[in-house]
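Predicted model only: the values in this text are computed from it and were never measured. Note that the numbering runs from 1 along the sequence shown for the chain.
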Amino acid sequence: MVVRDSVGNLLADGDSVVLIKDLKVKGANQALKRGTLIKSIRLTGDEQEIDCRYEGIKGLVLRAEFVKKS
């Protein structure tokens, strides 16, 4: 399985990514702002989704099209 970010870089487990767009999070009363650094991602079975952790939000799944490898 090959997972690529918004600019075409390959992503792997443990990479750090930066958000390229402000995102509203369902079930949380906060939004993730553009430029937010997400550390230590995990790949899922889907090519377009990555699993990650962010303070205060459990079970966060982001689409690969909204992140850029840092």
For Ser40 and Ser16, work out which heavy atoms get closest and say how close.
-> N-OG, 4.2 Å
Which atom names give the shortest non-hydrogen contact between Leu37 and Ser70, and what distance separates them?
-> CD1-OG, 3.6 Å
Would you sort out whether Arg34 and Leu19 count as a side-chain contact (heavy atoms from CB on, under 4.5 Å), showing the intermediate values?
-> CA-CA 5 Å; Arg34 179 179 177 208; Leu19 294 178; 5.6 Å; no
Can you name the residues that form a side chain to side chain donor-acceptor pair (under 3.5 Å) with Glu65, not counting sequence neighbours?
-> Arg63
Show me the donor-acceptor pairs within less than 3.5 Å that the side chains of residues 1-8 make with the rest of the protein, sequence neighbours left out.
residue: Arg4; atom: NH1; partner: Gly8; partner atom: O; Å: 2.8
residue: Asp5; atom: OD1; partner: Val7; partner atom: N; Å: 3.2
residue: Asp5; atom: OD1; partner: Gly8; partner atom: N; Å: 3.0
residue: Asp5; atom: OD1; partner: Asn9; partner atom: N; Å: 2.7
residue: Asp5; atom: OD2; partner: Asn9; partner atom: ND2; Å: 3.4
residue: Asp5; atom: OD2; partner: Lys69; partner atom: N; Å: 2.8
residue: Ser6; atom: OG; partner: Val67; partner atom: O; Å: 3.0

Please output the side-chain donor-acceptor pairs of residues 46-57 that fall under 3.5 Å, not counting sequence neighbours, one pair per line with the distance.
residue: Asp46; atom: OD1; partner: Gln48; partner atom: N; Å: 3.3
residue: Asp51; atom: OD2; partner: Arg42; partner atom: NH2; Å: 2.6

Nearest 0.5 Å, what's the CG-OG1 distance between Leu62 and Thr44?
-> 10.5 Å
Quick one: do Val25 and Phe66 end up in the same hydrophobic cluster if we chain Ile, Leu, Val, Met, Phe, Trp and Tyr together by side-chain heavy atoms under 4.5 Å apart?
-> yes
hydrophobic_cluster_shared for Val18 and Leu11, side chain cutoff 4.5 Å | no
Hydrophobic cluster identity match, Ile20 and Ile38, side-chain contacts under 4.5 Å | no
The reported gap from CG in Leu32 to CG in Asp22 (rounded to nearest 0.5 angstrom) is 9.0 Å
